[in-house]
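Just below is one structure, and these are the notes that go with it.
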2 protein chains.
Amino acid sequence: MDFSRRDIHSTEIPVLCRSCEVRHKGMCGALNPDELTLLSRHTRQLQHSSGEELVGESTDVEAYDNVMRGVVKLSKTLEDGRQQIVGLQFAPDLVGRLYATESPMTAEAASDVEVCRVPKVMLERLIERNPALRKRLMDQALRELDEAREWMVTLGRKTASEKVASLLMLIAVHLDPDARGDRRIFDLPMSRLDIADYLGLTIETVSRQFSRLKKDGIISITANRHIEVQSLAKLQSRCG
Amino acid sequence: MDFSRRDIHSTEIPVLCRSCEVRHKGMCGALNPDELTLLSRHTRQLQHSSGEELVGESTDVEAYDNVMRGVVKLSKTLEDGRQQIVGLQFAPDLVGRLYATESPMTAEAASDVEVCRVPKVMLERLIERNPALRKRLMDQALRELDEAREWMVTLGRKTASEKVASLLMLIAVHLDPDARGDRRIFDLPMSRLDIADYLGLTIETVSRQFSRLKKDGIISITANRHIEVQSLAKLQSRCG
DNA sequence: GCCTTGCCTTGATCAAGATCAATTCTGGGC
DNA sequence: GCCCAGAATTGATCTTGATCAAGGCAAGGC
C-alpha cells in the first residue's frame, strides 16, 4: 500500500467565506483559496454522529462541500442495513459527485467537521474557463479511484489484523504527517463502528485486533480514540 | 447495485488503425472512431491467460490501450501472492492511468482481447484542445470510481453467494445487453480463478456457489464458461 | 485411442471472524 | 462525587468460507 503523503500544499492559508463572513484556515486542494473565496456560499459545522448528511442522495442539493476541517465518510447501505464506508475525505477534499445531481451514496461527518458549501453550477461554470482547476479536479478523481482500488485489495484479500493495521497507517499518514521518526500520535477521527464499516468487519473483531496491537506493544490507546503508534515500521509490516 | 447499461453508443462503427491498416468494429466510448483512427498506432491481439500485460507497471510504455473486443482485468498483488482484481474493462474502455507514467496495477487480457494502442503524449495533447474528449475521459474516470465503490460494498459486506450473483448480474448486463425478458445467455469472459480474485473468494467457494445456483434452477452451465440465466429477477434477488 | 494437462467440482476438516451475551470503560449531567 | 447512557472490550459459541485432498471432465499431443 502506498501511504505516501498526497501532493497538497499543507500550509494553511486564510479563506474568507463571502456569504457567511467566516474566515477559515483553508488548505490548497482541488480548490485554491481564491477560488474558494469566490465560490463559497455557506459554512456549516457538522458534529460527529449528528446524523446530518452532507451532499448526498437524500439531501439532493445542487452543491458540493469543500472539507475545511475534520473527516467526512462516504458510505453505501444494502437494503437490509449492512453498511460499507467506501471512502474517507480529509481536508481539503471536495465532496460531491461532479456532473451528477445525485449519487447512490451518503456523505456524513465522521468527526466534527467544517465545510464550505459551493453551488454546483458556479463551480461547473468556473471549470469551463479554468484549465488549472479542471486539472486539479481530474487529479482528485483519479487519486480517489487509485485509493478505492487500493482499498479493494484490503477488503478482498487482507486478514482482519492486516485490515486494522492498514487503516491505522492510512490515518497516521493523513493526520500526523509531519511527525518525525518511527512514532506517530493522533486521535482516531471515527468510532469503532465506522472503522468496522470501512474494513468490512464487526466492531468486536476491530476491538480484538486493537487489543492485540496493544499487547504486542505496537500501539497504545487512551480514551478510546487517542492512539500512539510506537513503531510505524512494525505497523507497516502488519499491513500485508 | 445499479446494473443499468452504461451510456455508450453500442452500435459498432468501423475504425481504421492507420499504422497497422487494420479495420475494427469500434464502439464509441471515451474515444470516438475519428479520434481513434487519428491516434491509434498499433493493434494487438492478446490471448486469454497468455500472461502478456497491457499498459501496466512492468510494461511501462508511454501508451494507453483502447479495448476493441474482449475483457481486460486490472489487478493488484500483495507481496505474498494474494491477488485482487480491482476492475474489469469492457470495449470500448480506455485502459491506462491518465497523467501517470506508471501505476501500481497490472492490466491483462481476461478473455481473448483486441486493443488499439494510443501514444500517451498524443492523446494528452489532443485532450488539451478537445473539450468533448476531455469530458468523456472525465466521465470514464468518474464512472470507474462509482463502479469501484459499488464493488467495495460487494467485497466488504456481501456473502459468498451474493458476491457470485452480483458478478453474474454485472457480466449479464455487459455482455448480453440487448436480451429481452428475464433470460440471459452469455459466455463467462474469465476463469474461476479470475472470478475468485475479483470477488475476494477461493475457486472452491466460487464453484460451490455456481453449483447451488444450478441446483436452485437459476442458472445452467455448459462447458464451464457458457451460462444461461433462467431468471434474471431471481438472480437479482440474490445480490443482497 | 490413450495419456497428459489444466481446469473445475466435490468432500472432509479447520480456523477466522461473526454472533450472542455479559462486563467494563468513558464522558456528560447533576 | 455519583449516576447514567452510549461505546468499547471480553468471553463463549457458532457459522462461513478457507484449506487440504481426491476425483471428474474436456482438449490437445502422440
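By convention in this document, chain letters (A, B, ...) are assigned in the order of the sequence lines, proteins followed by strands, and residues within each chain are numbered from 1. These values consider heavy atoms only, across backbone and side chains, with no hydrogens, waters or symmetry-generated copies.
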Atom CD of Gln47(A) and atom C1' of dG27(C) are separated, to the nearest Å, by 15 Å
For residues 103-112 of chain B, the salt bridge (Lys or Arg N to Asp or Glu O under 4.0 Å) pairs (sequence neighbours left out) are none
Across all chains, not counting sequence neighbours, the side chain to side chain contact (heavy atoms under 4.5 Å, CB included) partners of Ser231(B) are Asp182(B), Ala233(B), Lys234(B)
Rounding to the nearest 10°, end axes of the helix from dG1(C)-dC30(D) to dC30(C)-dG1(D) built from five pairs each make an angle of 30°
The complete set of salt bridge (Lys or Arg N to Asp or Glu O under 4.0 Å) pairs with one or both residues in residues 69-85 of chain B, sequence neighbours excluded, reads Glu150(A)-Lys76(B), Glu162(A)-Arg82(B), Arg69(B)-Glu114(B), Lys73(B)-Asp194(B), Asp80(B)-Arg82(B)
Separation of dG17(C) atom P from Lys163(A) atom NZ, nearest Å, is 8 Å
Sorted by chain and residue number, the side chain to side chain contact (heavy atoms under 4.5 Å, CB included) partners of Asp187(A) (sequence neighbours excluded) come out as His226(A)
Here the distance between atom P of dG17(D) and atom CG of Leu155(A), to the nearest Å, is 15 Å
Side chain to side chain contact (heavy atoms under 4.5 Å, CB included) filter on Ile221(A), not counting sequence neighbours, yields Arg192(A), Phe210(A), Lys214(A), Ile219(A), Ile227(A)
Assign each of Asn224(A) and Arg157(A) the nucleotide of DNA chain D bearing its closest heavy atom; nearer the 5' end lies the nucleotide of Asn224(A)
Whole-Å distance, Glu162(B) CD to dT16(D) P, equals 12 Å
Rounded to whole Å, the CZ-P distance (Arg225(B) to dA27(D)) equals 13 Å
In numerical order, the residues of residues 198-213 of chain A whose heavy atoms come under 4.0 Å of DNA chain D are Glu204(A), Ser207(A), Arg208(A), Ser211(A)
Arg225(B) meets the side chain to side chain contact (heavy atoms under 4.5 Å, CB included) criterion, sequence neighbours left out, with His48(B), Leu188(B), Ser191(B)
Under the criterion salt bridge (charged side-chain N to carboxylate O under 4.0 Å, His left out), I'd like the reasoning laid out for Glu204(B) against Arg208(B): C-alpha separation, chi angles, the key distance, then a yes or no. CA-CA 6 Å; Glu204(B) 293 94 333; Arg208(B) 281 182 240 277; 5.9 Å; no
Taken to the nearest whole Å, CD1/Ile227(B) to P/dC8(C) is 11 Å
Hits for ring-ring contact (aromatic ring centres under 6.0 Å, His included) against Tyr198(B), two or more places apart or cross-chain, chain-then-number order -> Trp151(B)
Taken to the nearest whole Å, CZ/Arg192(A) to C1'/dT26(C) is 12 Å
(Q) Using modelled atom types and a 3.5 Å cut-off, is there a donor and acceptor pairing between side-chain atoms of Ser111(A) and backbone atoms of Val71(A)? (A) yes
Asp80(A) CG to dT19(C) C1', in whole Å, measures 15 Å
